[in-house]
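Along the sequence shown, residues carry numbers from 1.
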Amino acid sequence: MTQQWDSVDDYFTGLLAPADDALTGALRDSDAAGLPQIAVAANQGKLLHLLAQIQGARRVLEIGTLGGYSTIWLARALPADGSLITLEYSPEHAAVARGNLARAGLDKIAEVRVGPALDSLTALGAEHAAHPDPFDFVFIDADKGNNPHYLEWALELTRPGSLIVLDNVVRGGAVADPTSEDPGVVGTREALRIMAEHPRLSATAVQTVGTKGYDGFALARVTA
């Protein structure tokens, strides 16, 4: 079955989300630098790109940069005067991402901020309080135990109508286990509970299969 998933993803990607030098180079340089091979699949990157375009996003926030592969997909969806801020814990990963974004011609649009994401988000919160400029689209793809905190910050930094995407929510199916003590499962379940109960959010979650295995994402719209 996994082989079939891969074949279908290869077909979809080749037809609808073909690679180019910038995207191929981002994956190649990430691998060469020893980054974990956990970037989104190409067709998932194209989905993020389309969602940001459908949203009419001018400002994007990404929590979890890795080598900048998803960052390239998102930044390419922005207008010429758009901007993207992406948060990365590792200075080594951030250096790879900056190189990949520069090669893609996106280093003037996308800014990589380095450090613990919650610290960077606190700084963004202070900037937002002084000069409000909400994000139209937020992609959360970092350490899963902190998903509830990232979601709360996303709400703080967005506006009515903004879109929030939370990646990797299936956790191999463990997300449905209320007894799990795995921090990633616990954090993801809490973030989904917040999405379900928060008066300012309307959300759903979808399971996916493909070259990245069995996974899924949650999608939430800020309503007020």
Checklist entry - Can you list every pair that meets salt bridge (Lys or Arg N to Asp or Glu O under 4.0 Å) and has a residue in residues 108-129, with sequence neighbours left out? => result E111-R113, R113-E127

Checklist entry - Hey, is CG on D81 packed in by over 12 heavy atoms from elsewhere, all under 6.0 Å? => result yes

Checklist outcome for this item: d(F139 CZ, S70 OG) to nearest 0.5 Å is 5.0 Å

Checklist entry - Is the shortest heavy-atom distance from the side chain of Y69 to the side chain of N100 under 4.5 Å? => result no

Next on the checklist: According to a hydrophobic-cluster definition based on side-chain heavy atoms being under 4.5 Å apart (Ile, Leu, Val, Met, Phe, Trp, Tyr only), do L219 and L192 belong together?
Outcome noted: no

Next on the checklist: Tell me whether L61 shares a hydrophobic cluster with V222, the cluster being built from Ile, Leu, Val, Met, Phe, Trp, Tyr side chains joined at under 4.5 Å.
Outcome noted: yes

Item to check | N/O donor-acceptor pair under 3.5 Å between E88 side chain and A94 backbone | outcome: no

Checklist entry - Does the side chain of L48 come within less than 4.5 Å of F137's, by heavy atoms? => result yes

Checklist entry - Please, which pairs that meet salt bridge (Lys or Arg N to Asp or Glu O under 4.0 Å) have at least one residue in residues 49-60, sequence neighbours excluded? => result R58-D133, R59-D133

Checklist outcome for this item: Nearest heavy-atom approach of V169 to D215 is N-OD1, 3.6 Å

Next on the checklist: Are L47 and F12 connected into the same hydrophobic cluster when the rule is that any two of I, L, V, M, F, W, Y join if their side-chain heavy atoms are below 4.5 Å apart?
Outcome noted: no

Checklist entry - Please, which pairs that meet side-chain hydrogen bond (donor to acceptor under 3.5 Å, both in side chains) have at least one residue in residues 178-188, sequence neighbours excluded? => result N147-T188, D177-T179

Next on the checklist: Can you confirm whether I164 sits close enough to L201 that some side-chain heavy atom of one is under 4.5 Å from a side-chain heavy atom of the other?
Outcome noted: yes

Checklist entry - Side chains of L16 and N43: closer than 4.5 Å at any heavy-atom pair? => result no

Checklist entry - What's the verdict on side chain to side chain contact (heavy atoms under 4.5 Å, CB included) for D29 and R103, showing C-alpha distance, side-chain angles and the deciding distance? => result CA-CA 11 Å; D29 287 3; R103 178 173 47 226; 3.0 Å; yes

Next on the checklist: Whether K212 and D167 form a salt bridge (side-chain N of Lys/Arg under 4.0 Å from carboxylate O of Asp/Glu) is what I want to check.
Outcome noted: no

Next on the checklist: Are V138 and I72 connected into the same hydrophobic cluster when the rule is that any two of I, L, V, M, F, W, Y join if their side-chain heavy atoms are below 4.5 Å apart?
Outcome noted: no

Item to check | Side chain proximity check, L151 to H198, heavy atoms < 4.5 angstrom | outcome: no

Item to check | Side-chain heavy atoms of P148 within contact of I194, under 4.5 Å | outcome: yes

Item to check | Single-linkage hydrophobic cluster L106~I85, side-chain heavy atoms < 4.5 angstrom | outcome: no

Item to check | For the student: nearest non-hydrogen atoms of S120 and V114, plus distance | outcome: OG-O, 4.3 Å

Checklist entry - Can you name the closest pair of heavy atoms from G172 and Y214 and give their distance? => result C-CE2, 3.9 Å

Item to check | Crowding at CD, E197 (>12 non-hydrogen neighbours, <6.0 Å) | outcome: yes

Next on the checklist: Any heavy-atom pair between the side chains of L35 and V96 that's under 4.5 Å?
Outcome noted: yes

Next on the checklist: Do K46 and P18 make a side-chain contact, defined as non-hydrogen atoms from C-beta onward lying under 4.5 Å apart?
Outcome noted: no

